[in-house]
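Notes follow once the structure below has been shown.
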Amino acid sequence: MTENIFTLLTQEVRGLLAALLPDLPAEALARVQVEPPRDPAHGDMATNAALVAAKPARMPPPKLAAALAERLLALPMVTEATPAGPGFVNLRLDENFLRGQVSTVLKAGTAYGDSRLGGGVRANVEYVSANPTGPMHVGHCRGAVVGDALANLMKKAGWAVTKEYYINDAGNQVQALGWATYWRYVRTVTMDADAWNAENAERRFGVALQYRGDYLVAVGEALAERFGDTLMPREVGASELPPEETMSAFGPALERGWLVKTSWIDTCRETAVAMMMVAIREDLAMLGVAQDVFRSERAMVEAGAVEGAVSLLERKGLIYEGVLEPPKGKTPDDWEPRPQTLFRATDFGDDVDRPLRKSDGSNTYFANDIAYHADKVGRGEQLLIDVWGADHGGYVPRMTAAVKAVSDGRVPLEIVLCQIVHVLKGGEPVRMSKRAGTYITLRDLIEEVGRDAVRFTMLTRKSDAQMEFDLDRVVEQSRDNPVFYVQYAHARCCSVLRQAEAMDPALTAGLGAVSLAALTDGAEMALIRRIAAWPRMVEAAATAREPHRIAFYLGDLAGDFHVLWNRGRDDSTLRFIREEDPVATRARLALVAATATVIRSGLGVMGVTPVNEMR
RNA sequence: GCGCCCUUAGCUCAGUUGGAUAGAGCAUCGACCUUCUAAGUCGAAUGUCGGGGGUUCGAAUCCCUCAGGGCGCGCCA
């Protein structure tokens, strides 16, 4: 845990204000903030204290600001306190106090910026949760990176975080996967693969083959190896049809005259899901993502969790049988009023009540999702965060309503939506089609540009803004590639420290306790101020659930450092290492080491590996 | 038709949760550097924060409204 100079000053200001105005309501006191002013000419920090206290205190803001400024000036770390503008108090901090942050960083290491803000609250961050119907592609990638970085960020800011992956292994999608896998199995075993082309198979099975990608070939082969030809379909005449009472053991193919046991499809599905999950975990590992918990939807359903959740809602009087109005304006062609089992989502802010059962009696995805979120609540999670693709945006109100209902409003659910990523190559958008198998897999992407570039770039936009991922740009070694720019700053830091140590190991020893008085240059102080802002940045980004802010901060930090470096090119007295002045050298090396530490701390949140040299 | 998200410099985007004269990079223009600590430096110019209205000490930020772009809209997950 390291000090945050902004919260430190906030406490001081609140304390002084409360002493000045004993009757000030706590609500006003809570609105008192200390933040860096936009214009650095206004000083290191500014507080709105006089503005927020003026009305309840019945005093004009400037007068209050003047009184507050006088008291703030008495603080040891404050060298200037001036009322300004409509009632701000601008503060300038003692430079020794600021320099002290360098030592603080070096003592704390990458734990610098850790915070207790989250108060140890148990937060569950669920992300990726791709259907296990194929390898991960770029569409999943953004959510994976955003979720992982957000989890890291909140951990750093003091939440007790669980990273979770929900395996959607129940429902129609994986059923379709089972059939596609079965088709691959048949093509592996049969002597006449042409006769079992996709069109013939669809006709004979009576199902659509949604997943035709090559990645299922290996699953078909694995099944062929294990079961030989025992799962092969058999053509039957009308006279050979199985008795009525066993018909249910066969799927839709039977009507087309083909015997295919549903248990075979189950086997195919299970095998495929298992193998896909292995592949997905490999993909995640390549991306540097490792969730703590993998939860199976099917296992949850089979354990009766959905019935449990529904009856819980029933006991709360939130379930009823009813008929929904058709959507206003646009009525679907096949719309017909139908009584359904509905959840009273409107009681919790949703527009309409939401169905829990399909017409065939099975549960909707929503019902399963209620059970799943109730399960998280039941595990003692106190804050739920789901990272979703933006195409699920319409689903947000009903899910938050459901979590309110099952947790009696105790557990908030927050949804982070991730917009589409458009991949560009040579300035041209790369078109992707799942059906045609032309989509870019996560593996392709990582092999092309590297894991760190993928992760960093995915965090260079607010998650709910669309992003263009330019394959050429992210590997470019120039100022306008933030990945490179930040990595290069870290490598330069390491390079300086290596050189110094090679000259004399005593130069780099014990930097945490070195005298920093020689750090007087404006560019040096600017870098120190940036470093001192890191703990505040962590808290702000975590509170806003916006990990991309870390990327922007690191870009700024790198910029400050590069400025300093480049000044050494024009003026050799500003170089970090000056043989004739070991005291200044040691102070500057401490600053360099602190810069590298903060970069590492930030990259750690982003899950990006810092490099020690550029090649 | 309804709901949600987005619209900030020529381009790509930030904007510290309502703070002061709205910022950065690229591109443009003008100087400098030609070497070391390779993968430049400094300066200039650039705005109806999509339009309009409101809330208040104060709005790019909150509310209403209009325009343009994206997403979604009962038995898909």
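Just so we're on the same page: letters track the sequence lines, and every chain starts at 1.
- Listed pair A:N168 / B:rA77 fails the phosphate criterion, with no side-chain N or O lying under 4.0 Å from OP1 or OP2.
- Using a 4.0 Å heavy-atom distance criterion, A:A54 is classed as making no nucleic acid contact.
- Side-chain N/O atoms of A:N368 and base N/O atoms of B:rA77 include no donor-acceptor pair closer than 3.5 Å.
- Look at A:E126 and A:K376 and you find a salt bridge, because one of the NZ, NE, NH1 or NH2 atoms lies within 4.0 Å of a carboxylate O, short of that distance.
- Of all nucleotides listed (B:rA39, B:rU37, B:rG15), B:rG15 comes nearest to the side chain of A:E546.
- Residue A:N90 is classed as a base contact, given a heavy-atom separation below 4.0 Å to a base.
- Judged by atom type and distance alone, A:R549 does not reach the base of B:rU16 through any side-chain donor-acceptor pair under 3.5 Å.
- Side-chain contact, A:E613 with A:Y488: no donor N or O sits under 3.5 Å from an acceptor N or O.
- In the model, A:E297 has a side-chain atom that pairs as donor or acceptor with a side-chain atom of A:N368 under 3.5 Å.
- The number of heavy-atom neighbours closer than 6.0 Å to CD of A:E579, taken from other residues, nucleotides and ligands shown, is 12 or below.
- The pairing partner recorded for B:rC71 is B:rG3, the criterion being a Watson-Crick or G-U wobble arrangement whose two distances lie under 3.5 angstrom.
- A:D169 contributes no side-chain N or O that, together with a main-chain N or O of A:P132, makes up a donor-acceptor pair within less than 3.5 Å.
- A donor-acceptor contact under 3.5 Å is formed by the side chain of A:Y488 with the base of B:rA39.
- Side-chain nitrogen and oxygen atoms of A:K358 include none within less than 4.0 Å of the OP1 or OP2 phosphate oxygen of B:rG74.
- Across B:rA77, B:rU16, B:rG3, the shortest atom-to-atom separation from the side chain of A:Q173 is found for B:rA77.
- Pair check for B:rC42 finds B:rG30; Watson-Crick or G-U wobble, both atom distances under 3.5 Å.
- Between A:L589 atom CG and B:rU37 atom C1' there is a gap of 13 Å when expressed in whole angstrom units.
- As judged by a 4.0 angstrom heavy-atom cut-off over every strand, A:L51 is placed among the base-contacting residues.
- Look at A:K462 and you won't find any side-chain N or O under 4.0 angstrom from OP1 or OP2 of B:rU8.
- B:rC66 and B:rU7 have their C1' atoms separated by 14 Å, given to the nearest Å.
- Between A:M45 atom CE and B:rU16 atom P the separation is 18 Å, expressed in whole Å.
- Judged by distance alone with a 3.5 Å cut-off, no donor-acceptor contact links the side chain of A:H548 to the base of B:rA14.
- Comparing A:E35 and A:E297, the nucleotide of RNA chain B nearest to each residue sits closer to the 5' end for A:E35.
- Between A:R354 atom CZ and B:rG72 atom C1' the separation is 10 Å, expressed in whole Å.
- In this structure, A:P355 reaches the sugar-phosphate backbone alone: every heavy-atom distance under 4.0 Å involves primed, P, OP1 or OP2 atoms, never a base.
- Comparing B:rU17, B:rA77, B:rA39 by their nearest atom to the side chain of A:M614 picks out B:rA39.
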